[in-house]
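In what follows, residues are counted from 1 in the order of the sequence shown. Predicted, not measured: the structure shown is a model, and the values here were computed from it.
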Amino acid sequence: MVATAEGWAGILRGYLRHCPGMLAAWSQGSPVDPLGAPLADRDRWQALLWQRLTTALAGWPHPGLRHEQLLEGVRGADPAALPVALGAACVEAPPAADIELLAALAERLPVEIWQLGPPEEAGAVGCPLRERYGAARAESWRRWEQAPVDVADGAGPRADGPTVGVGTMLGLLQRRIREGRTADAPVPADGTVTIHASHGPDRQVEVLREALCDAFASDPTLQPREVAVLCTDIAAYAPLLEADLGATDAPGHHPGHDLRAGIAGPSLARPNQVIDVLLVLLALPASRATGADLIALASREPVARALGLDAEGLERLGRLVERAQIRWGIDAGHRAEHGLPGIRQSTWIAGVDRLLAGLALADSPLARLGTVVPLDHVDGSDAGLVGALAELVSRVRMHLLRFAEPAGIAAWRARLLDAAADLTAPGPDDQWMLNHLSSALTGLDGAGADGALLDAGDIAAVLRRLVAPRRGRPNYGAGSMIICGLGEMQAIEHRVVAVLGVDDAHVPPRTAAAGDDLLARPGVRDELPVPNAARAARQQLLDAIMSAGERLIIVGAGADPRTGEALPQPVAMADIIEACTGLEPGAVWERAHEGAANGGAPTVLRVHPLQPHAASNFDPDAPGGLLSFDPMALAGARAGAAPPGPAHRRSIWSVQGPAPGEEARVMSIDELVAFFRDPIRAWAGRTFGFLPDDGDDEPPTGLPIVLDGLENWAVDEAITAALIAGQPATTVSDAALLGGRLPPGRLGTDLLGARLPALEAHATAVRALLVEPAEHDVLWHDGPWSVSGTLESHAGRLVRHRCARLRARHLGAAWVELVCAAAGGADVREALLLGKGDCFRLVAPDAATARTLLGQMCRLRLDGLSRFPPMPPDTCLEYARRTAGGRRGAGAFLARDYSREVAFSPVLQWVGASWRDIEAIGSEPEDPLTASSSRILNLARWFYGPLVEALHLWTPGARHDH
């Protein structure tokens, strides 16, 4: 309701300013349109609404009536109360209401109007640039000619202002615009007009900074106060300009930071985050309320402070939310409002219930509390995080229930203050946020009619007005280089004028009028002097060109910021190029792009590279003649131009990390297993401190419908683990259906029913092997080397299983455990591995062999933690199998095997080592095997050769000789 009222009030303000006679006719019961014709049937509601509004405010004169009373008061005022004379300076002609006021004043005293631009300039034709861009000024003079007041032109340079050289490109351009002529002959570029085509807004600001520095460097007499930067979108460019031109004392900073720039744009002050939180809260019922939204709410600074969450806690909380399968929806009721009733799983409240149940109940046996299945493996150290999340969701639900009921403004003030107190805790320096909210809401206590009820959308509209960006305080005339909007210093002369952000999106700007606005109807704009943003923007650009005293700088979009591909030439830029040079602008655009790539003669148009450290930015012979002043970019350009040295040729896989200390010689079985499961991954993790992401960081936000391979594996693993633990199949099925990983309803039931028999068979085979359990404390020493840990066996066997194919990393992990058991004297004779479609038996080596292998493994791990170990598991296993089989050309297919492994390994893809790179790594004298000149072949035969010899196919339930 409030948003609708604000929109309607804006339309009425336009009517009052531009067609007050229409509202007067409406008040008298005559429904007419802005042109005086009868109002269309579809628009008659506007006249009726206006009549009801004026009737309801009978004791409070509306603006239209107050305007009429003002005119009557001026006409009947005591002459002594009026000034002797009145003058007004106008950039554009004022709206009809103001002209009526000036006409009324003109009846009582001398009134003179100074209109920007001479009338002959507005009315003459012949210069295409003026014809296209000077229509607003021509319309202004046409309207003044019909007004009963005297109008004088306010054009003409200041007596002490800068003058333009007659023979320069800028001087000729301005002269042709004033005289209405086109270029008689091509005009060579002389630097007085420069047009720069760049990429996105950030790069455009960097280019502008270089152009300004060039202007100051080329003219030592130029002062910052004599430069104006006009932005087509000051709100978007203000933060970038502040970053690139704001004062700084950082060492080695760009000289552009010393230009004393003042930005008259939106304030960069810190926003009120408490109000932002309330706006998020008010918007939740209409949104999907995803798990990401929950984490985003908890991550807001006042909310995180209230919950006692730091950066580490928020990261852990995100993992808990993902594990609890919180997808979208606050609760079942919220999801029903979005057209999905009866499905509670994966909502905020369902996820919190699972986390709380997981804290309170043991993982085994499986429990079910109504529709809640406890989340397994919830660590007790996460109790504080789970409690904070539960408290947040509880408070959000409570306040949303209160917000759902419409209420008066006083009740809403109490609700919002309570919500702010419950959900936020601003820091000591941010208490002003609560005070700002309270004072702003107090000011609304008298708003609205008695008994008027407002809903959440109305209050959100009110709060959005409180956080709307506000303009900073202009510092015109303070001696600094002023940066402002395109029309804020219209036609005010400066020696250097720069226009930033010239593209088709801003010149003219893309605006959309309200569908109910009668002033926006076809034909009305042509007959009435209503605002026209496109025409005004073109006029402002033309005035900027005419206000440049010695140099005009145009910066705009010329290439895509992501791909670097050239964009179509902006229309405004093409018009300026044509007016400056007298050449066809398309040809100039093409030549400039060719010159940027291949070198060429300087032109009025300069196409800039994407990066500030590109070599062409520092090449005095580059087309355009603009050199960069950035010392950091110069260092980057020099580094890029330097001949490649050893440091430049280093690839990721050739990087050597810090050598492990002596403590690395003492390790656990788990640490040794983790290394040989995937040696390259272990090296990358320790050397670089992170691993490349092998999936999407964003948690899923939709309910599962079709499961991908990884999701299928996760479901199978969870079900199989529960079945192996002895849980009843019905209990396991219920837990899977309520856990959030399976599709809801019949889809999930059918999917589970199709795969449950195979999973039960797999679990039965595994359970049959889990007999005679025993634990073995393994401890092995060899000089400084030590390996220790505990292994669990069943009837003298290590039993390992997974619901997927068994690959080299799984076989390698079991082999390391088997070697450790044999070297430590544990009574373990073999390992059984059960996978999906394949089962294997690994026979333990004898004790002496195991001790030798274990010592070699320890030494290789120590080396591989800091230096790249060329052991891609699947490739090495395939090579060892072919070698053990005695096949000729065992290495003939290694390149193919390696490429297949790279395709499924994010780590190998990130490392970027080709097969030739891997194969070229030479043998090391310290390696256990040095028969080949290629280290990968030696390591594959040393580690996977004995493994393959001990590996046998195995069928569950069959007898095997030991």
Side-chain angles (χ1 to χ4, degrees), residues 1-3 6 235 239 266-287 289 293-314 317 330 348 384-385 387-448 452-473:
M1 184 169 65
V2 170
E6 287 181 342
S267 173
L268 301 179
R270 191 177 183 189
N272 191 324
Q273 299 182 60
V274 172
I275 297 181
D276 289 341
V277 170
L278 294 177
L279 285 172
V280 171
L281 195 64
L282 290 166
L284 278 177
S287 70
D293 293 335
L294 176 58
I295 296 300
L297 176 60
S299 300
R300 290 183 176 269
E301 185 176 339
V303 179
R305 180 183 288 270
L307 298 176
L309 299 175
D310 55 12
E312 181 184 357
L314 288 169
L317 189 64
I330 299 173
W348 290 14
L385 295 177
L389 182 65
E391 188 67 22
L392 174 63
V393 173
S394 175
R395 293 183 183 184
V396 166
R397 292 183 72 209
M398 176 186 69
H399 288 292
L400 290 183
L401 288 174
R402 295 177 181 176
F403 290 174
E405 294 293 330
I409 192 67
W412 272 110
R413 178 178 180 273
R415 290 177 181 179
L416 294 174
L417 292 177
D418 288 346
D422 279 349
L423 296 173
T424 65
D429 297 333
D430 296 329
Q431 292 299 316
W432 64 268
M433 297 180 181
L434 290 174
N435 298 334
H436 175 218
L437 173 65
S438 179
S439 61
L441 294 176
T442 301
L444 298 175
D445 282 347
L453 299 181
L454 304 177
D455 60 18
D458 299 328
I459 295 301
V462 173
L463 291 182
R464 279 193 291 271
R465 295 179 61 186
L466 298 180
V467 297
R470 289 171 171 76
R471 291 184 53 81
R473 182 179 179 181

To the nearest 0.5 Å, how far apart are CG in Leu278 and CG in Leu463?
6.0 Å
Got a second to check how far Leu282's CG is from Leu416's CG, nearest 0.5 Å?
6.5 Å
Which value, rounded to the nearest 0.5 Å, describes the distance between Leu297 atom CG and Leu423 atom CG?
7.0 Å
So how far is it from Trp432 CH2 to Ser438 OG, rounded to the nearest 0.5 Å?
14.0 Å
Testing the basics here: between Ala411 and Ala407, what is the closest heavy-atom pair and its distance to 0.1 Å?
CB-CB, 3.7 Å
Are side-chain heavy atoms of Arg300 and Thr424 found at a separation under 4.5 Å?
no
Under the 3.5 angstrom rule, does the side chain of Arg402 hit a backbone N or O of Arg415 as a donor-acceptor pair?
no
Yes or no on side-chain contact (heavy atoms from CB on, under 4.5 Å) for Ile275 and Met433, after CA distance, side-chain angles and deciding distance?
CA-CA 8 Å; Ile275 297 181; Met433 297 180 181; over 6 Å; no
Side chain proximity check, Pro426 to Glu301, heavy atoms < 4.5 angstrom:
no
Side chains of Gln273 and Val303 in contact at under 4.5 Å (non-hydrogen atoms):
no
Is there side-chain contact between Pro406 and Leu454, with heavy atoms separated by less than 4.5 Å?
no
From CA spacing to verdict: side-chain contact (heavy atoms from CB on, under 4.5 Å), Leu389, Leu307:
CA-CA 8 Å; Leu389 182 65; Leu307 298 176; over 6 Å; no
Are Leu294 and Val396 side-chain neighbours, meaning at least one heavy-atom pair lies under 4.5 Å?
no
Ser394 (side chain) donor-acceptor with Glu391 (main chain) under 3.5 angstrom:
no
Inter- and intrachain pairs under side-chain hydrogen bond (donor to acceptor under 3.5 Å, both in side chains), touching residues 305-314, at least two apart
none
Looking at Ala289, is its backbone amide N or carbonyl O close enough to the side chain of Trp348 to form a donor-acceptor pair, meaning the two atoms are under 3.5 Å apart?
yes
How long is the span from the CG atom in Leu437 to the CG atom in Leu417, to the nearest 0.5 Å?
5.5 Å
Report yes if the side chains of Leu441 and Trp412 come closer than 4.5 Å at any heavy-atom pair, otherwise no.
no
Least distance between heavy atoms, Leu317 atom then Ala298 atom:
CD2-CB, 4.2 Å
Polar side-chain atom of Ser299 near backbone of Ile295 as donor-acceptor pair, under 3.5 Å:
yes
For the residue pair His399 and Asp422, confirm or rule out a side-chain donor-acceptor distance under 3.5 Å.
yes
Answer yes or no: is there a side-chain heavy-atom contact under 4.5 Å between Asp430 and Pro302?
no
Interatomic distance, CG@Leu284 vs CG@Leu279, rounded to 0.5 Å, equals 11.0 Å
